[in-house]
Amino acid sequence: MSSADASILARATSIDHALGANPIDGLAHMLSLQFIQHALVAGTSIALLSGLVGYFVVLRGQVFAGDAMSHVAYTGALAALAAGVDLRVGLFAATVIVGLALGLLGGRSTADDVVIGTTFAWVLGLGVFFLALYTTHSATGNSTANVNVLFGSIFGISSSDARTAAWIAVGLIALLLLIGRPLLFASLDPAVARARGVPVRLLGPLFLAIVGATAAEASQAIGALLLFGLVAAPPAAAQRLTDRPWAGFVLSGILAVASMWIGISLAYAVPTLPASFTIMATSTAIYAGAALITVGRRRGERRRSHPDVSAPEQPQGQAATS
Amino acid sequence: MTTGLTWNLIEDAHQLFSYHFMVNALRAGTIVAVVSGAIGYFMVLRRQSFVGHTLAVIGFPGAAGATWLGVSTGIGYYGFCLAGALVVASLPGGGRADVGPGGHGEESAVVGTVQGFALACGFLFVSLYKGFLSGLNNLLFGTITGVADHQVTILLIAGVTCLLVLAVIARPLLFATVDPDVARAAGVPVRLVSAAFLILLGVAAAGTSQITGSLLVFALLVAPAAAASRLTARPGLGVTLSIAIAVAVTWVGEGIAFFSPYPIGFWVTTLAFAVFLAAAGCRAGADWLARRVSLDVRTAA
Amino acid sequence: MIVTERAPGRPAPPTHTPVIVVDQAEARLGGRAIWSDVSLQIGPGQFVAVLGPNGVGKSTLLKAVLGLLPVSTGQIKVLGGSPGRHNDRIGYLPQRRAFDPTTRIRGIDIVRLGLDGDRWGTPLPAILGGRRARDARERVEEVIGLVGASGYARRPIGQCSGGEQQRLLIAQALIRHPELLVLDEPLDSLDVTNQASVSSLIRDISRTRNVAVLLVAHDVNPILPYLDQVIYLAHGGAVMGPPEQVITADTLSMLYGTPIDVLRDRAGRLVVVGQPDAHAEHRR
């Protein structure tokens with residue numbers, strides 16, 4: 001609470017620097033602030049992780065799993081608060097366990113949306129129950145913690161928390177890079193990948209566990225409810241901009257980091273705007289921009305790929321004999 | 001709250017009705033439950049539950065913005081939900097199953113982004129309106145204390161209109177839902193009926209959000225209908241059952257919430273989930289029994 | 001007796017180590033025997049089709065060969081080892097539906113996955129790749145040229161036609177110089193022109209690279225001229241032999257235990273009449 005207040009105060013007093021002097025000085029001043037440094041350390045690593053993981057989430061059509069994670073993250077965090085332990089313990093435990101469970105139960109959208117929706121509405125309801133437990137039974141309970149879990153508090157992050165979040169993100173990125181190629185194979189072509197010896201059955205749950213941990217990380221930055229700002233919007237934009245899988249993978253990470261940086265700068269420059277909103281708004285704008293740029297290109301492509309049906313295909317079979 | 005549960009049900013009910021806010025909550029809850037039970041049944045049949053959820057989430061910035069601007073939250077809910085419904089209706093797919101959570105990659109990512117952005121806007125309005133952070137929980141997770149008299153009136157007008165329109169379009173809507181191509185050939189204006197239904201869905205989502213909160217609308221909009229459709233395949237009975245379950249869940253949920261320290265969002269979702277599980281269990285049991293019987297008949301023959 | 005037209009100048013089937021040996025094998029799925037007492041042998045460079053009505057376990061046979069499904073009795077040897085042991089020397093094309101039209105991944109990337117998709121890690125950007133990456137790129141280009149897919153390999157695969165997707169997937173199966181191609185209904189969902197060109201492509205690869213081909217087909221006619229052997233699965237058993245000996249009224253009647261007719265139309269197409277499961281023809 002106090003650090004968040006301090007940050008608002010710092011942002012309010014710094015507005016003269018930001019707007020009055022030249023932009024370079026304003027930027028230098030912004031970067032000299034402790035809470036901005038912490039936010040950038042945690043935010044950059046978390047955004048990179050979310051963008052990279054999100055690329056596979058969107059490619060594998062598992063956005064609903066991400067949605068589930070946002071509910072689970074909230075409930076996990078508040079259960080931890082109600083139990084009086086560190087919020088992150090609950091966050092990571094709940095999301096990773098549910099990720100593994102979804103993967104083992106065949107989380108590739110086998111259950112219908114009604115079952116999923118009803119179940120996760122109840123999970124969220126359970127989170128509300130923990131919230132009530134926390135606020136009524138805990139002496140230190142206050143509603144700020146709840147708002148932070150829901151909508152994030154990147155400017156309130158402490159130096160040690162920022163470092164922890166960054167290290168966890170680095171570890172998860174390393175793990176993702178390690179399984180990257182087989183994961184792409186398994187996502188696009190599971191039958192062949194399996195015949196080739198790719199452990200498809202293992203990769204599914206492992207990946208969803210990574211998604212869970214990513215959701216827990218992102219919840220600390222922009223909140224459980226706004227996960228999609230970093231996990232869905234940047235990869236959706238990247239997939240529009242390139243057809244090359246690895247270029248898209250990297251681009252998704254870059255766009256997420258860009259959303260984070262621009263969002264943090266905007267929130268710094270305009271203290272009335274919460275950082276979670278500016279980050280989410282930036283990533284939404286990036287997606288909208290990508291969609292606008294590519295809409296014309298796509299239309300042309302579609303026309304090219306469906307030529308006159310009667311046009312005979314070239315006799316390419318002969319190529320091999322010659 | 002100084003009241004306590006005495007386990008004398010008549011005494012308890014009397015105690016409950018002695019509070020004006022509780023009477024309002026029950027009135028509003030009943031209206032919302034009837035509307036969402038009926039609309040929800042068609043929504044589940046049309047596989048548009050994700051759209052319903054999205055519309056409810058869009059209602060959140062509406063309500064938060066209304067609070068910030070100092071107008072009634074009802075206006076915010078209805079305004080944003082209706083606008084959202086019109087946008088969805090104008091999309092080429094008309095918000096059918098293809099934008100569901102099982103839908104393919106980018107489309108569901110876009111729906112997710114829209115939801116996230118709506119929530120972020122709501123959060124922005126909440127922050128702009130300082131000192132309103134406790135109200136945030138009410139908007140997201142529902143409350144039984146916040147319903148004012150004029151809100152009940154708005155809910156009633158909206159609900160009655162909604163049900164009247166639904167009654168008019170029910171038959172062609174069912175036809176268009178079950179078999180759109182044949183319905184179109186038979187002269188049903190499928191596109192118009194679908195758009196009209198989305199608007200009704202927007203109204204229902206806006207109303208439900210005011211009781212369960214924007215994030216928990218599934219409790220009244222989806223779970224009762226899903227439970228009903230597992231218990232019966234007859235549309236008329238299904239709608240009735242769905243309404244009955246929604247009303248029961250709301251009443252019991254509000255009653256328990258009154259006497260317990262835990263919020264209504266938790267009770268309503270838990271009850272709805274329990275009913276849904278029970279119905280799914282019944283269906284599974286009945287199917288198993290039917291299979292056994294038919295197997296016995298076959299082996300006997 | 002049917003005399004099939006053979007491609008002239010076809011080399012005599014080589015006689016050294018067989019690629020696949022199946023010895024009195026039985027496959028069970030969910031406690032039910034799919035087929036049993038199946039024995040067969042396929043040599044290098046042989047073009048073999050697996051035929052039979054729906055649900056007799058044609059795909060199951062392929063899965064057993066790939067080691068994805070263990071046989072309950074008997075044994076299978078593939079490329080001299082147990083099934084699954086040498087899958088890196090096998091090109092596999094599973095039965096599939098087309099890629100979703102919204103899949104925005106280029107065909108060339110799908111082909112590349114066949115080369116190194118099972119290796120842990122993430123590829124470096126092309127500039128940092130070095131010799132190995134250049135070799136890999138050249139191999140991808142080569143195999144795409146081989147199947148004649150250069151014109152559309154850089155388009156998103158979801159926007160390629162069924163025939164184009166099938167060619168790219170065959171390129172993927174070929175990329176590691178396999179000694180055996182296992183193809184599950186590669187001609188399904190293709191139009192007649194594409195069926196002819198894809199099957200002649202497979203034949204050419206089999207001949208020029210001495211690759212054995214095990215191919216499941218619904219309709220034998222597009223590949224009939226190229227076949228060395230057919231495996232006919234029905235009624236839980238199998239018959240293997242040259243097509244002119246297997247697709248006959250006598251053999252099939254014996255296999256099914258009911259009278260079956262094999263007719264030949266003016267265009268030389270075979271039609272099997274009287275199969276018990278209402279498939280009046282090989283064609284679906």
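Nothing here was measured: the structure is a model prediction, and the numbers come from that model. Every chain is numbered from 1 and lettered A, B, ... according to where its sequence line falls, protein lines coming before strand lines.
Looking only at heavy-atom pairs under 4.5 Å with chain A, the residue among C:Pro123, C:Gly84, C:Ser199, C:Ala196 that has the most is C:Pro123. Chosen from C:Asp191, C:Ile202, C:Asp118, C:Ile110, the residue pairing most often with chain A at heavy-atom distances under 4.5 Å is C:Asp118. Ranked by heavy-atom pairs shorter than 4.5 Å toward chain A, the options C:Ile108, C:Asp116, C:Asp88 are led by C:Asp116.
Of all heavy-atom pairs spanning A:Ala191 and C:Tyr92, the tightest one is O-CE2, 3.9 Å. Of all the heavy atoms in A:Pro245 and C:Asp109, the pair that sits closest is CD-OD2, 2.7 Å. Nearest heavy-atom pair across A:Val198 and C:Gly117 is CG2-O, 4.2 Å.
For the pair C:Thr122/A:Phe249, a side-chain contact is recorded, criterion being any heavy-atom separation below 4.5 Å from C-beta on. Side-chain contact check for A:Pro182 versus C:Arg119: every heavy-atom pair is 4.5 Å or farther apart. Residues A:Leu184 and C:Leu113 have side chains in contact (heavy-atom distance under 4.5 Å, counting atoms from C-beta outward).
With a 4.5 Å cut-off on non-hydrogen atoms, A:Leu176 touches chain C through its backbone but not through its side chain. Proximity to chain C (any heavy atom under 4.5 Å) is restricted, for A:Leu203, to the side chain, taken from C-beta onward. Proximity to chain A (any heavy atom under 4.5 Å) is restricted, for C:Leu169, to the side chain, taken from C-beta onward.
Tested against C:Ile105, the residues A:Asp243, A:Thr242, A:Leu188 include a single side chain to side chain contact (heavy atoms under 4.5 Å, CB included) partner, A:Leu188.
Residues in residues 189-216 of chain A take part in these side-chain hydrogen bond (donor to acceptor under 3.5 Å, both in side chains) pairs, two or more places apart or across chains: A:Asp189-C:Arg96, A:Asp189-C:Gln172.
More than 12 non-hydrogen atoms from other residues, nucleotides or ligands lie less than 6.0 angstrom from CZ of C:Arg176.
In this structure, the side chain of C:Asn87 engages the main chain of A:Ala195 through a donor-acceptor pair within 3.5 Å.
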